[in-house]
Amino acid sequence: MAMRGIYTSVNDIRKRVFAEVARLSYDYKDGDLSQMELIPYRVIPGEVSTYRESVFLERAIVKERMRLAMGLNLRSVSEHAPVSMGAEECVKPEKYYQPPLINIIKFACHKCPDNEMKVTDACQGCLAHPCREVCPKNAISFVNGRSVIDQDKCIKCGKCMTVCPYGAILKMERPCAKACGMKAIGSDEYGRADIDQEKCVSCGMCLANCPFGAIADKAQIFQTIQAIKSDTPVYAAIAPAIAGQFGPELTPGKMRSALQALGFTDVVEVAIGADLCTIEEAKDFAEEVMGISPEDGTGQSESADASAGIQTETRKKLPFMATSCCPAWSMMAKKLFPKYADCISMALTPMVLTGRLIKKQHPGCKVAFIGPCAAKKLEAGRRTIRSDVDFVLTFEELMGMFEAKDVDFSTLEEQELPQEASADGRGFAVSGGVAGAVVNCLNELYPDLDVKTASAEGLDECRKLLSLAKAGKYNGYLLEGMACPGGCVAGAGTRQPIAKSAASVGQIKKITKAKVALQSEYKGMLEDLEERKILAVPQD
């Protein structure tokens, strides 16, 4: 995760591609997409390559990035066709993401060595030769006084690396594969990275960590702008992780003005949906794990009632409950631990709850979720969610729209910061925030209830957490999982360092009047939206 928060040439190219696609959509009329052919020359001008060995290769990569940014499929390198071929597909008003969401542009892949022990120039050819002495497979020899590893014999145990007094031996790992907590990335027949789509949960950590910019996800920039240009109102639902993402000039008070400058009708905080999600998960945890009936406000569990001689309805209790708001985490849990799928909270995610709330208040409108997450794109594309959320954009993609419209943050009007959401709802953006919000809500509902929690960030750690839960180590616990290390503020589509984002979220929480979810002005919407059974996570 070493690159996170550093603005690199990869980020710069992504931003320029997003901006060009946004301009194309704002200017689009009468079915003419011929300008697509010029975009690679604007992104990569001139005759001399800047990043790779050939300017032609650079432009070829930009072409595929552009197609993905328009929601189109990658093309095989063996296909000979104009970049605009088939692009009319992206003009469809209800163009949803077609799998695969996360794509590897094969001719951009560096074919990085994967899981290989490598001797560096720091080797001093020392007399002791500890690397050779500890090698269990006699894979190390000395040539011209330097250590050499026979890769055919090496079993990658790492003992040589551990004992080298100069730290001259490294374990080379493919960055995308190292970042993938699902072990979904291997190699194709040419040594290029390859994604096993059956394992992938679209967390986007591979694309965020590829130093060659060879991995990209699909976007809905073009479709969102087409909806904005229509007569249909389009509402922006902004995730709590947006705090500080666009620099100090775009203050929270200017966020509404900035998004209206892009053509959005108005802005709604997804933190409102986070409050509703918190209340729902708190009630579910109390009922399904602790055995408290909905009518019982004492905070005593079923077993405590029984010991006191109180007759309670017998209910099957879950061993633990896991939060539901991170789609990559819940998808991972259901793929790898299917027997415990019922232990994932059935509460709808904040994104979906907010979408339903907006559409109830503004019938016939469209909703664009704006957040840090690649997996939210996949969630919104589910058949049962499409009517709630029409588009998903990342902060990087939104910045492309700001660039296309030449929005100057310094000139925007300050508007009053909405105060509907709670501090806990806004804290969903940071690891530990979801569990903390649910615990605070449970403490309000059931003051005598002792709630135990455990959390993990990054899918590797999430897998370990669920393995321990499966073994019975977390019976009675509330488990929080975040696919991105650091929480939502570390999502694949964020624009600033993770620690800085977390600090920005903390600052917003401090100035928020309502502190816990139950103080939200919208808590009554849980009953008003729909019957509770419909508020459960729909199964496609």
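Side-chain contact annotation: S187 with R192, donor-acceptor N/O pair under 3.5 Å absent. Side chain to side chain, E413 and S257 fail the donor-acceptor criterion of an N or O pair below 3.5 Å. Judged by distance alone, the side chains of E58 and T50 never bring a donor and an acceptor atom under 3.5 Å apart. Defined by atom type and a distance below 3.5 Å, a donor-acceptor pair is missing between the side-chain atoms of T323 and E480. With hydrogens and angles left out, the side-chain atoms of S25 and Q226 include a donor and acceptor closer than 3.5 Å. Between T8 and N11, the side chains place a donor N or O and an acceptor N or O closer than 3.5 Å (distance only, hydrogens not considered). Side chains of T394 and R495: a donor-acceptor N/O pair is absent below 3.5 angstrom, by distance only.
Side-chain atoms of M85 and M36, non-hydrogen and from C-beta on, never get closer than 4.5 Å to each other. Side-chain contact check for E64 versus R75: some heavy-atom pair is nearer than 4.5 Å. Using a 4.5 Å heavy-atom cutoff, the side chains of L466 and M332 are in contact. Using a 4.5 Å heavy-atom cutoff, the side chains of S49 and L57 are not in contact. Proximity of P175 to C210: side-chain heavy atoms (C-beta onward) are nowhere separated by under 4.5 Å. Here the side chains of K360 and L357 are not in contact, with every heavy-atom distance at 4.5 Å or above. Contact annotation: the side chain of V434 approaches that of M482 to within less than 4.5 Å [non-hydrogen atoms, C-beta and beyond]. The closest side-chain heavy-atom distance from N103 to D217 is not below 4.5 Å.
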Exercise for the section: Report the C-alpha separation of V407 and L412 in whole Å, then their side-chain angles, then the decisive distance to 0.1 Å, and conclude whether the side-chain contact (heavy atoms from CB on, under 4.5 Å) test is met. Expected result: CA-CA 8 Å; V407 177; L412 294 174; 4.2 Å; yes
Exercise for the section: Test T494 against Q245 for side-chain hydrogen bond (donor to acceptor under 3.5 Å, both in side chains), laying out the working first. Expected result: CA-CA 7 Å; T494 55; Q245 285 290 329; 5.1 Å; no
Practice task
Please report the C-alpha distance between E397 and K377 in whole Å, then the side-chain angles of each, then the deciding distance to 0.1 Å, and finally whether the salt bridge (Lys or Arg N to Asp or Glu O under 4.0 Å) criterion is met.
Solution key: CA-CA 13 Å; E397 292 158 5; K377 297 179 177 183; 2.6 Å; yes
Practice task
Show your working on side-chain contact (heavy atoms from CB on, under 4.5 Å) between R356 and Q361 and close with a plain yes or no.
Solution key: CA-CA 9 Å; R356 289 193 178 183; Q361 294 178 329; over 6 Å; no
Practice task
Start with the C-alpha gap between F18 and L398, add the side-chain angles, then the distance that decides, and say whether side-chain contact (heavy atoms from CB on, under 4.5 Å) holds.
Solution key: CA-CA 8 Å; F18 295 151; L398 183 66; over 6 Å; no
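Partners of F402 according to the ring-ring contact (aromatic ring centres under 6.0 Å, His included) rule, which considers only residues two or more places apart in sequence or in another chain, are F246, F409. Residues satisfying the ring-ring contact (aromatic ring centres under 6.0 Å, His included) test with F222, not counting sequence neighbours, are Y28. Checked against salt bridge (charged side-chain N to carboxylate O under 4.0 Å, His left out), D460 has the following partners two or more places apart in sequence or in another chain: K183.
No donor-acceptor pair closer than 3.5 Å links the side chain of R426 to the backbone N or O of V505. Within the 3.5 Å criterion, the main-chain N or O of M172 finds no donor-acceptor partner in the side chain of E116. Put simply, the side chain of S202 never gets that close to the backbone of L378: no donor and acceptor are under 3.5 Å apart. Formation of a donor-acceptor pair under 3.5 Å by the T232 side chain with backbone atoms of I228 is not found in this model. Formation of a donor-acceptor pair under 3.5 Å by the Q197 side chain with backbone atoms of P99 is not found in this model. In terms of modelled atom types and a separation under 3.5 Å, the side chain of R146 and the main chain of C123 share a donor-acceptor contact. Looking only at distances, a side-chain donor or acceptor of S501 sits under 3.5 Å from a matching main-chain atom of P497. Of the possible polar contacts, one joining the S324 side chain to the A347 backbone as a donor-acceptor pair under 3.5 Å is found. Side-chain atoms of K335 come within 3.5 Å of backbone N or O of E198 as a donor-acceptor pair. Formation of a donor-acceptor pair under 3.5 Å by the E457 side chain with backbone atoms of G486 is found in this model.
The neighbour count for K118 NZ, taken as heavy atoms of other residues, nucleotides or ligands under 6.0 Å away, does not exceed 12. By the 6.0 Å contact criterion, CZ on F107 is enclosed, its count of non-hydrogen atoms from other residues, nucleotides or ligands being greater than 12. Summarising the local packing, CD of E47 is surrounded by 12 or fewer heavy atoms from other residues, nucleotides or ligands at distances under 6.0 Å.
What you find for A333 and I344 is that their closest heavy atoms are CB-CD1, 3.6 Å.
Between the OG1 atom in T224 and the CG atom in D390 there is a gap of 9.0 Å [rounded to 0.5 Å]. Rounded to the nearest 0.5 Å, atoms OG (S34) and CG (L24) are 9.0 Å apart. Interatomic distance, I511 CD1 to I508 CD1, rounded to the nearest 0.5 Å: 4.5 Å. Rounding to the nearest 0.5 Å gives a distance of 8.0 Å between CE of M66 and NZ of K63. Of the inter-residue distances, the one linking C109 atom SG with I104 atom CD1 reads 6.5 Å to the nearest 0.5 angstrom. In this structure, CD on E461 lies 9.0 Å from CG on L465, to the nearest 0.5 angstrom.
Note that K405 lies in the cation-pi zone of Y26, set by a 6.0 Å cut-off to the ring centre and a 45° limit from the axis.
For the pairing with E403, the salt bridge (Lys or Arg N to Asp or Glu O under 4.0 Å) check across R23, K15, R14, R16 returns one residue only, K15.
A salt bridge does not link D388 with K359: none of the charged nitrogens is closer than 4.0 Å to a carboxylate oxygen. The pair K106-D188 meets the salt-bridge criterion, with a side-chain N (NZ, NE, NH1 or NH2) lying under 4.0 Å from an Asp/Glu carboxylate O. Ion pairing between a basic and an acidic side chain is recognised when a charged N comes within 4.0 Å of a carboxylate O; E20 and R42 show such pairing.
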